[in-house]
> 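I have a structure here, written as structure tokens, and I will follow up with some questions on it.
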Amino acid sequence: MADPIRFLMCPPEYYDVDYVINPWMEGNIHKSSRDRAVEQWQGLYHHLKERAIVDLVQPQKGVPDMVFTANAGLVLGNVAVLSRFYHPERQGEEPHFKKWFEDNGFTVYELPKDLPFEGAGDALLDREGRWLWAGYGFRSELDSHPYIAKWLDIEVLSLQLVDSRFYHLDTCFCPLAGGYLLYYPPAFDFYSNQLIEQRVPAQKRIAISEPDAVNFACNAVNIDRVVVMNKASDELQQQLADLGFEVVQTPLTEFLKAGGAAKCLTLRVTEPIAVDVRANAIVRSRIVHLEGHLLDSGLINRALDAIVENGGSFQVLNFNLGEQRHSHSSAEVKVSATSELMLEEIVSQLIDMGAVALPQEERDAQLEPVEQAGVSPDDFYVTTIYPTEVRIDGQWVRVQKQRMDGAIAISQTADGLVAQCKLLRDLEVGERVVTGVGGIRTIRKDERDQKASQEFSFMSAGVSSERRVELVVEQVAWELRQIRDRGGKVVVTAGPVVIHTGGGEHLSHLIREGYVQALLGGNAIAVHDMEQAMLGTSLGVDMKRGIAVRGGHRHHLKTINTIRRYGSIAQAVEAGVVTRGVMYECVKHNIPFCLAGSIRDDGPLPDTEMDLLKAQTEYARLLEGAEMILMLSSMLHSIGVGNMTPAGVKMVCVDINPAVVTKLSDRGSVESTGVVTDVGLFLSLLIEQLKRLTGPYPVKVAV
Ligand code: ARG
């Protein structure tokens, strides 16, 4: 006959809700009735007594949650891993449980200090003994799992808990005899659900409803075919009955007030070791180094949040707080995740924030050959707008043509190895691409330093209100003046709204006065600009009187037709057909422009590039070396341009639609400024300000 099953329980002599360490305890302080608690506890005790041996541990004053013996530790064979409670309120239980384990012949393992793990509350054996399910996210740290795998010599499957009501694994997960699993899927993140589905076949998974979950139906004690729990709906009872399980309900409402029920109140201390299971530490870790104004800039919070949000966990190994306001802080953070893939995802986000590997962890970037033109090897590192370096043969090489959403291609040239950002479609056979996240670092200028040194400080990444428009205008005018005077480059992207709102003359003025070195837009801005130049309307609206003119809706097509007759905008200008406006000034002052066509375009104009790939390449070429980009009311072109532009370029985005502006300030960099206002108004203020700033200025013709 098999050895009898034993459970450990702790009488509720001192049980009460004295503090709040989980959502169930909120509002329940001293609300539970001692008498009813005792009665309910005894109910459970008797149900278990009928089917197993129940040992008792002496309750202790001052540690009311000691009734929840599931949290004493984790037992397998004659080994017990003692709990390290996350909350100080429960840490007083540890020595009592330790003593009980020792007195009862267990070999006790203890985790390092500050590495929380809450025992069988967060670690549940597959009832066949094939592996251990272990929870993390609220009470237990992922980094405790490798210890457990080693000490118990068993495969540990880590599951991330994401709903604070189900803070312990045993509140939402219950392996049953025969390989069945009772659980509440929404309590877990996506990857954990995938893992569960990989290990437990569909016909063995019993996903419960929320009403059952909040009655702690998963917090059940399973003894062979019997499942003891607080309460189960008729459906759940039926479902379990159909699978051959008998549900025993025993009310435990007094304990629910503390966030526990049947399973929490018990610890199974006879857990036989299954043959042929082997340890498998699934946790991968890497140590990264962060430096900068970690606290003031909020960088450390963002980094740690990114780790947790992506399913990982962290340990801050070292934190050196800078002593002065201007001094840097530095931190070493150990990042852990349940798979290499998850770890890479996290580390790549940290790299984007400026994290670097420690010298001893530094390695060369992993390179894989491009085998099909226009297709990268899988797992390529996706580039960002930030200056990036890759380590090749022990040397850090700066990546050229920095832009986001590309891959880093390495090619051998006459001048040595060249690393550059390339769009997938531009990858060529023979090049190699950086994969994984090793040997990559980004250089982030400290956001706070940047702010201090920048004129745009007060507007940093903000969306302004109308009252602040004038202030932004002053700043932009000042910058434009500076850039022009030092022979720098400003690129404008503009939508047709610039013309409709009467901004055409102002933009023309900017071009004429040498403030614009390239213009990017679509077919429409050019069409409406020239329509206005030739016919006085923009999309058929008389720009002087602001009313639609009869037959005006055909004006833009007539304009297109005329330009087509002349073969190009430049030729129409030379022929004296177009005598003013934005396009006119571009032609007259040799300002290059690119008009990118779209599915909507009428015509198109002969100059409009309808091959989108060519248009993108031309945009990128014209953007090279830009110091500032004025984005005037064109969501499509502005976002496109934003994607092509590396960090360090000032962007001013003007749009009446806050969504567009926000979208661009999402770059999160201090260098993008959003202005929610009418673009015509903005431009007129800008010209006024420039005039005030500069006085008459000799016309500079760009070459
Ligand atoms: N009040 C206790 C706590 O929050 C309840 C513990 C429930 N135990 C469990 N294994 N789920 O720690």
Side-chain angles (χ1 to χ4, degrees), residues 7-12 14-32 34 37 40-41 44 48 57 59-60 62-75 80-94 96-97 116-125 132-141 144 148 159 161-175 182-184 187-188 213-222 228-230 252-269 271:
F7 288 97
L8 176 67
M9 289 183 73
C10 175
Y14 302 109
Y15 169 70
D16 198 355
V17 180
D18 281 352
Y19 45 75
V20 176
I21 55 171
N22 70 47
W24 305 93
M25 299 173 99
E26 250 158 58
N28 275 328
I29 290 197
H30 305 315
K31 289 270 168 68
S32 71
R34 174 71 45 86
Q40 293 184 344
W41 184 91
L44 174 68
L48 298 190
V57 55
Q60 303 289 329
V63 277
D65 274 336
M66 197 174 162
V67 270
F68 298 113
T69 50
N71 300 121
L74 172 66
V75 169
V81 178
L82 191 68
S83 284
R84 271 222 185 276
F85 285 96
Y86 179 86
H87 291 288
E89 287 86 342
R90 293 198 63 182
Q91 286 163 3
E93 300 170 36
E94 291 168 17
H96 305 294
F97 285 132
F117 167 68
E118 298 202 348
D122 260 337
L124 299 165
L125 283 156
L132 180 78
W133 299 101
Y136 69 101
F138 294 105
R139 299 295 186 85
S140 299
E141 212 31 79
S144 63
I148 292 159
L159 300 175
L161 298 165
V162 294
D163 182 334
S164 63
R165 295 174 301 171
F166 305 105
Y167 57 95
H168 275 145
L169 184 63
D170 69 0
T171 60
C172 51
F173 194 89
C174 183
L182 190 65
Y183 77 127
Y184 180 57
F188 300 91
V214 297
N215 278 326
F216 272 53
C218 286
N219 197 250
V221 182
N222 173 218
V228 185
M229 64 176 78
N230 170 54
L252 293 162
T253 48
E254 291 314 307
F255 297 97
L256 247 63
K257 294 174 183 167
K263 162 68 174 54
C264 301
L265 291 167
T266 63
L267 175 70
R268 185 158 168 158
V269 289
E271 292 283 18

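When reading the values below, keep in mind they use all heavy atoms of this one structure, side chains included, and skip hydrogens, waters and symmetry mates. Just so you know, ligand 1 is whichever comes first in the structure, and atom 1 is the first atom listed for that ligand.
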> So, regarding N71 and ligand 1 (criterion: nitrogen or oxygen to nitrogen or oxygen, under 3.5 Å), is there a contact or not?
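Yes, since at least one N or O of N71 sits under 3.5 Å from an N or O of ligand 1.
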> Measure R139 to ligand 1 on non-hydrogen atoms and call it side chain, backbone, both or neither using the 4.0 Å cut-off.
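The part of R139 near ligand 1 is the side chain, not the backbone.
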> Atoms of ligand 1 less than 4.0 Å from G121 heavy atoms?
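Those qualifying, in numeric order: 10 (N).
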> Out of curiosity, is F85 lining ligand 1, as in a heavy atom under 4.0 Å away?
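Contact check F85 vs ligand 1: negative.
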> For atom 1 (N) of ligand 1, state which one of A72, C172, A258 supplies the nearest heavy atom.
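Among A72, C172, A258, the closest heavy atom to atom 1 (N) of ligand 1 comes from A258.
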> Sub-3.5 Å donor-acceptor pair from the side chain of R139 to the main-chain atoms of D122, do we have one?
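No: the side chain of R139 does not pair with the backbone of D122.
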> Which atoms from ligand 1 have a heavy atom of M25 less than 4.0 Å away?
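Close to M25: 1 (N).
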> Under 30°, 30 to 60°, or over 60°: which ring-plane class applies to Y15 and F255, parallel, tilted or perpendicular?
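Y15 vs F255 ring planes: tilted.
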> Just how far is it from atom CG of D65 to atom CG of N22, taken to the nearest 0.5 Å?
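Taking CG in D65 and CG in N22, the distance rounds to 8.0 Å.
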> Would a line drawn from the ring center of W24 to the ring center of F216 be shorter than 6.0 Å?
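Here the rings of F216 and W24 have centres that are less than 6.0 Å from each other.
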> Taking only heavy atoms of I21, which atoms of ligand 1 are found under 4.0 Å from at least one of them?
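The atoms of ligand 1 under 4.0 Å from a heavy atom of I21 are 3 (C), 4 (O), 12 (O).
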> Starting from atom 9 (C) of ligand 1, locate the nearest protein heavy atom and write down its residue, its atom name and how far away it is, to 0.1 Å.
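Going atom by atom, the protein heavy atom closest to atom 9 (C) of ligand 1 ends up being C264 SG, 2.8 Å.
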> Give the single entry among E118, K263, K257, R90 that approaches atom 3 (C) of ligand 1 most closely by any heavy atom.
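Heavy atom nearest to atom 3 (C) of ligand 1 belongs to R90.
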> Ring pair (Phe, Tyr, Trp, His ring centres under 6.0 Å) between F188 and F173: does it pass, once the steps are laid out?
CA-CA 10 Å; F188 300 91; F173 194 89; 5.7 Å; yes
> If you measure from each non-hydrogen atom of W24 to ligand 1, which part falls under 4.0 Å: side chain, backbone, both or neither?
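It is neither part, as no heavy atom is under 4.0 Å.
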> As an exercise, identify every atom of ligand 1 less than 4.0 angstrom from a heavy atom of A70.
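Heavy-atom distances to A70 below 4.0 Å select 10 (N).
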> Using every non-hydrogen atom in the two residues, find where L169 and G135 come nearest and quote the distance to one decimal.
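In terms of heavy atoms, the two residues are closest at CD2-N, 3.7 Å.
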